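Predicted model only: the values in this text are computed from it and were never measured. Proteins get letters first, then strands, A, B, ... in listed order; numbering begins at 1 in each.
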There are 2 protein chains.
Amino acid sequence: MAEQLSTEKHDMILGAARKRFAYYGFSKVTMDEIAADVGMGKASLYYYFPTKDSLYHEVIKHEAEQFFSGINSMLTEKIPACKMFRSYAGKRLEHFKTLVNLRALSLQQSAETKASSLELFKDFHKHEVEILQHILQIGKKNGEFSVSNPQQTAEVILQMFYGSRAWFLKIKENSLDEEAYVEMESSMKSMIEIIINGITIRK
Amino acid sequence: MAEQLSTEKHDMILGAARKRFAYYGFSKVTMDEIAADVGMGKASLYYYFPTKDSLYHEVIKHEAEQFFSGINSMLTEKIPACKMFRSYAGKRLEHFKTLVNLRALSLQQSAETKASSLELFKDFHKHEVEILQHILQIGKKNGEFSVSNPQQTAEVILQMFYGSRAWFLKIKENSLDEEAYVEMESSMKSMIEIIINGITIRK
DNA sequence: CATACGACTGTTTCAGTTAAACAGTCGAAA
DNA sequence: TTTCGACTGTTTAACTGAAACAGTCGTATG
């Protein structure tokens with residue numbers, strides 16, 4: 001029971017932090033604000049999380065878990081690799097729309113990113129490469145895809161995806177309104193088609 | 001004769017500026033330094049170029065001209081569109097290696113870019129989209145490429161290219177050594193293959 | 001013992017100040 | 001026409017002091 005309450009508090013803090021970090025970004029949010037959001041004193045937060053950084057990292061890990069759980073459930077289905085890829089790419093778009101902290105970290109300049117956070121991002125990326133590589137290997141194995149090096153191809157595809165997001169941020173001067181977002185989604189969809197055509201064996 | 005000397009001076013200043021901007025970046029270079037490089041007083045530079053910004057813009061325009069002239073000579077050749085695309089992509093890689101100021105501008109965050117320079121970059125980009133669109137249309141016309149909207153596809157392809165560069169900058173924390181550059185080139189080459197396969201009609 | 005926090009500390013950030021650096025100007029000289 | 005010394009106003013960078021902030025610890029409470 002006490003353990004349950006402790007976990008609830010932990011999750012409440014995590015949730016409050018997640019909201020504030022998503023809205024204001026890590027550096028603009030104070031521990032006092034998060035504490036007030038959950039009705040506690042600041043010092044009490046440190047009972048649950050040793051540092052502000054570790055709180056942020058847990059927010060990121062939490063969002064990464066949501067990202068991967070939304071995608072993993074799909075990996076065991078017996079569907080063509082082509083369809084799996086489409087499904088993955090579509091879910092990726094959705095998740096990056098809602099998982100704000102994860103998205104922000106992925107697009108943040110390395111000059112603005114603490115080493116520890118950049119490492120966290122690299123881990124996330126590595127995990128995503130593995131998933132995409134897995135999809136490519138399935139396609140290769142059942143004769144759908146022509147991919148000589150699935151790992152490198154996975155890396156390249158993720159670079160392409162990154163390109164669209166980073167590009168729109170640059171061109172729209174960091175202000176992605178709804179219209180720009182729709183435009184970016186449209187670009188992404190065309191990109192996905194080119195990629196699928198580019199790796200698919202045609203008969 | 002005096003006109004010729006004036007043009008020489010103009011070009012000398014442009015060359016000195018280009019070197020310094022390439023090495024130190026626009027903001028770290030002073031007009032005094034450029035003046036010293038060409039053996040003039042700072043005030044004399046303003047006889048040839050009204051402002052530091054306009055000097056920089058001319059450096060960029062100059063590099064853009066070099067970029068496009070290296071590519072345009074290829075556009076009139078009677079070769080398959082597929083081969084033209086490869087040639088264009090290869091030349092693009094080369095040019096971005098040597099045209100340092102243009103490359104820096106293309107990769108610079110919009111927050112760090114003056115509005116006037118960002119506009120200049122957008123113009124450059126627009127021009128490149130036109131060239132790539134032209135290649136795609138040639139391929140479409142002679143039955144090589146399946147591209148429903150050449151203009152959008154050109155935009156998407158350039159986003160993909162941007163992705164690789166921006167990605168490596170992020171991951172290598174703005175320190176692209178020779179090794180990382182080679183890795184990026186390798187990624188680009190894989191990307192080019194996927195793109196070509198992705199737009200090519202196969203029989 | 002687990003949980004909470006008031007009072008506190010040392011560090012970082014921020015706002016303001018000042019001096020230096022810098023882009024740009026202009027009158028005068030060659 | 002071309003050059004530049006001397007100058008100006010603005011911007012940048014360094015500095016300072018105060019406030020803000022992350023984090024700590026002793027103590028209180030259930």
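For Thr30(A), the side-chain atoms get nearest to dA22(D) when compared with the rest of dT3(D), dG24(C), dA22(D).
Rounded to an integer number of Å, the gap from NZ of Lys52(B) to C1' of dT12(D) is 12 Å. As a whole-Å value, the separation of His10(A) NE2 from dA4(C) C1' is 17 Å. Taking atom CG of residue Asp53(B) and atom P of nucleotide dG24(C), one finds them 7 Å apart after rounding to whole Å. Between the OH atom of Tyr24(B) and the P atom of dC22(C) there is a distance of 13 Å, given to the nearest Å.
Contact check of residues 31-46 of chain B against DNA chain D (heavy atom, cut-off under 4.0 Å) returns Met40(B), Gly41(B), Ala43(B), Ser44(B). Of all the residues in residues 12-21 of chain A, not one reaches under 4.0 Å from DNA chain D with any non-hydrogen atom.
Looking only at atom types and distance, the side chain of Glu128(B) has a donor-acceptor partner in the side chain of Tyr88(B) under 3.5 Å away. Neither side chain, Ser27(A) nor Glu112(A), offers a donor N or O lying under 3.5 Å from an acceptor on the other. Neither side chain, His95(A) nor Glu63(A), offers a donor N or O lying under 3.5 Å from an acceptor on the other. Under the 3.5 Å distance criterion, with hydrogens and angles disregarded, a donor-acceptor pair is assigned to the side chains of His125(B) and Glu155(B).
Using a 4.0 Å heavy-atom distance criterion, Phe49(A) is classed as making no nucleic acid contact.
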Using ring-ring contact (aromatic ring centres under 6.0 Å, His included), reason through Phe168(A) and Tyr181(A) one step at a time and then give a plain yes or no. CA-CA 8 Å; Phe168(A) 276 91; Tyr181(A) 188 80; 9.4 Å; no
Salt bridge (charged side-chain N to carboxylate O under 4.0 Å, His left out) between Lys19(A) and Glu33(A), worked out: CA-CA 11 Å; Lys19(A) 275 197 207 159; Glu33(A) 289 167 350; over 6 Å; no
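Annotation: cation-pi geometry not satisfied between Lys126(A) and Phe121(A) (NZ/CZ under 6.0 angstrom from ring centroid, within 45° of ring axis). No cation-pi contact links Lys91(A) to Phe96(A), judged by a cut-off of 6.0 Å to the six-membered ring centre and 45° from its axis.
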